[in-house]
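First the structure, in the form of structure tokens, and then the observations on it.
Count residues from 1 along the sequence. One-based numbering, in listed order, for ligands and for the atoms of each.
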Amino acid sequence: MARNAQITKDGIRLYNPEDFAGMAEAGRVAATILDDIAPHIFVGQTTGEIDRVITDMVDAHGSKSATIGYKGYKHASCISVNHVVCHGIPGDKRLKDGDILNIDVTVIVDGWFGDTSRMYVAGKLARKSERLIQVTHDALFKGIEQVRPGNTFGDIGHAIQTFAEGHRMSVVRDFCGHGLGQVFHAPPNVLHYGRAGTGPVLEEGMFFTIEPMVNLGRPETKVLSDDWTAVTRDKSLSAQFEHSVGVTATGVEIFTLSPAGKFHPTYGE
Ligand code: MF3
Ligand code: CO
Ligand code: CO
């Protein structure tokens, strides 16, 4: 008999040790798709074509897209170009030289959700874009470093915020990470800002995403009339990286590590 699911007082589910393998497999599939999509990103390519290839890859892995049909969303990925913060809808727009883009994929494998996103560039990466991408990437890992039993969610947010703001960039407040596992979005909201020592205490068996969005300008966002696309209000560039992680007895397991070691766009060149 399976044990009853345990829920903390903050409404956060604690998964069992044997559940980590399911998350690792879902995470591996999502990360492999992000590895394999890299050659499909080039100047002149449309985001719709990239999403079409991702749709085929999700299928080829025998997985299911978590986003197709989610609240009426119709695509296997979100593709967020330049000042788009998140939830960019793939379409006919062609990538231009120097465009930076986040691709976010969530798959379901045997009922487990793997959610990850990373940054790519079309053509030549400009210096200021490279700085933004590097700081956002490193901010995610500052957050991940805080993941261990006994720390708090506030410790994660604080580490991300102080790092990004220390580089004179800003952290988006309007979107956050989330619990996941056998569901896509569950408690808690994982804020990418906050005060150390505040918020729910991390416990072994918690599964959640950390997915900071960092802007070169101000943190405010707005959602376009398509009801999905979130952009920076000041039109400044925005970047994001996302991992799905689990709290182990002593620290963290990252479920969505890149099997090819290509999480960062300048890796593997
Ligand atoms: N993958 C996104 C996240 O990180 C959610 C996308 S929902 C969609 O939580 F419907 F926009 F695809
Ligand atoms: Co997510
Ligand atoms: Co995501």
With heavy-atom distances below 4.0 Å as the criterion, list the atoms of ligand 1 near [X].
| X | result |
| --- | --- |
| Glu242 | 4 (O) |
| Thr106 | 1 (N) |
| Cys78 | 6 (C), 8 (C), 11 (F), 12 (F) |
| His178 | 3 (C), 4 (O), 9 (O) |
| Phe184 | 1 (N), 5 (C) |
| Tyr70 | 7 (S), 10 (F) |

Under 3.5 Å between some N or O of ligand 1 and some N or O of Thr67?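 No - when backbone and side-chain N and O of Thr67 are compared with those of ligand 1, no distance drops under 3.5 Å.
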Inspect the surroundings of CG in Asp10 and state if more than 12 heavy atoms from other residues, nucleotides or ligands are less than 6.0 Å away. yes
Please indicate whether Asp97 has more than 12 foreign heavy atoms, meaning atoms of other residues, nucleotides or ligands, lying under 6.0 Å from its CG. yes
Verify the ring-centre separation between Tyr73 and His75: is it less than 6.0 angstrom?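 Ring-ring flag for His75/Tyr73: true, centres closer than 6.0 Å.
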Less than 6.0 Å separating the ring centroids of His264 and Phe141? no
What protein N/O/S atoms sit under 2.8 Å from the Co ion (ligand 3), by chain and number? Asp104 OD1, Asp104 OD2, Asp115 OD1, Glu242 OE1
What residue and heavy atom of the protein are closest to atom 3 (C) of ligand 1, and at what distance? Asp115 OD2, 3.4 Å
For atom 4 (O) of ligand 1, what's the nearest protein heavy atom and its distance?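 It is Glu211 OE1, 2.8 Å.
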Taking atom types as modelled and ignoring hydrogens, do the side chains of Asn215 and Thr232 form a donor-acceptor contact shorter than 3.5 angstrom? no
Can you see whether Ser117 engages Asn102 through a side-chain donor-acceptor pair at a distance of less than 3.5 angstrom?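 Distance-only check passes for Ser117 and Asn102.
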Measure His75 to ligand 1 on non-hydrogen atoms and call it side chain, backbone, both or neither using the 4.0 Å cut-off. neither
Which bit of Thr209 is near ligand 1, meaning a heavy atom under 4.0 Å away: side chain, backbone, both or neither? neither
Does Lys142 pair with Asp138 as a salt bridge, N-O distance under 4.0 Å? no
Pair Arg28 + Asp35, salt bridge at N-O below 4.0 Å: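 Judged by the 4.0 Å cut-off on N to carboxylate O distance, Arg28 and Asp35 do not form a salt bridge.
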Nearest option to atom 1 (N) of ligand 1, as decided by whichever heavy atom of Val105, Thr116, Asp104 sits closest: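 Looking at heavy atoms only, the winner is Asp104.
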Could you check if a side-chain atom of Gln134 sits within less than 4.5 angstrom of a side-chain atom of His137, using non-hydrogen atoms only? yes
Are the side chains of Trp112 and Glu25 in contact, using a 4.5 Å heavy-atom criterion? no
Is it true that Val135 and Met213 fall in one hydrophobic cluster, defined by side-chain heavy atoms closer than 4.5 Å?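 Different clusters.
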Under the side-chain hydrogen bond (donor to acceptor under 3.5 Å, both in side chains) rule, what pairs show up with a residue in residues 79-94, not counting sequence neighbours? Asn82-Asp99
Using a cut-off of strictly less than 2.8 Å, determine whether His178 has an N/O/S atom near the Co ion (ligand 2).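 So His178 counts as coordinating the Co ion (ligand 2), yes.
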Quick check on His185 - does any of its heavy atoms sit under 4.0 Å from an atom of ligand 1? yes
Apply side-chain contact (heavy atoms from CB on, under 4.5 Å) to residues Phe263 and Thr256 and explain how you reach the verdict. CA-CA 9 Å; Phe263 190 63; Thr256 45; 5.9 Å; no
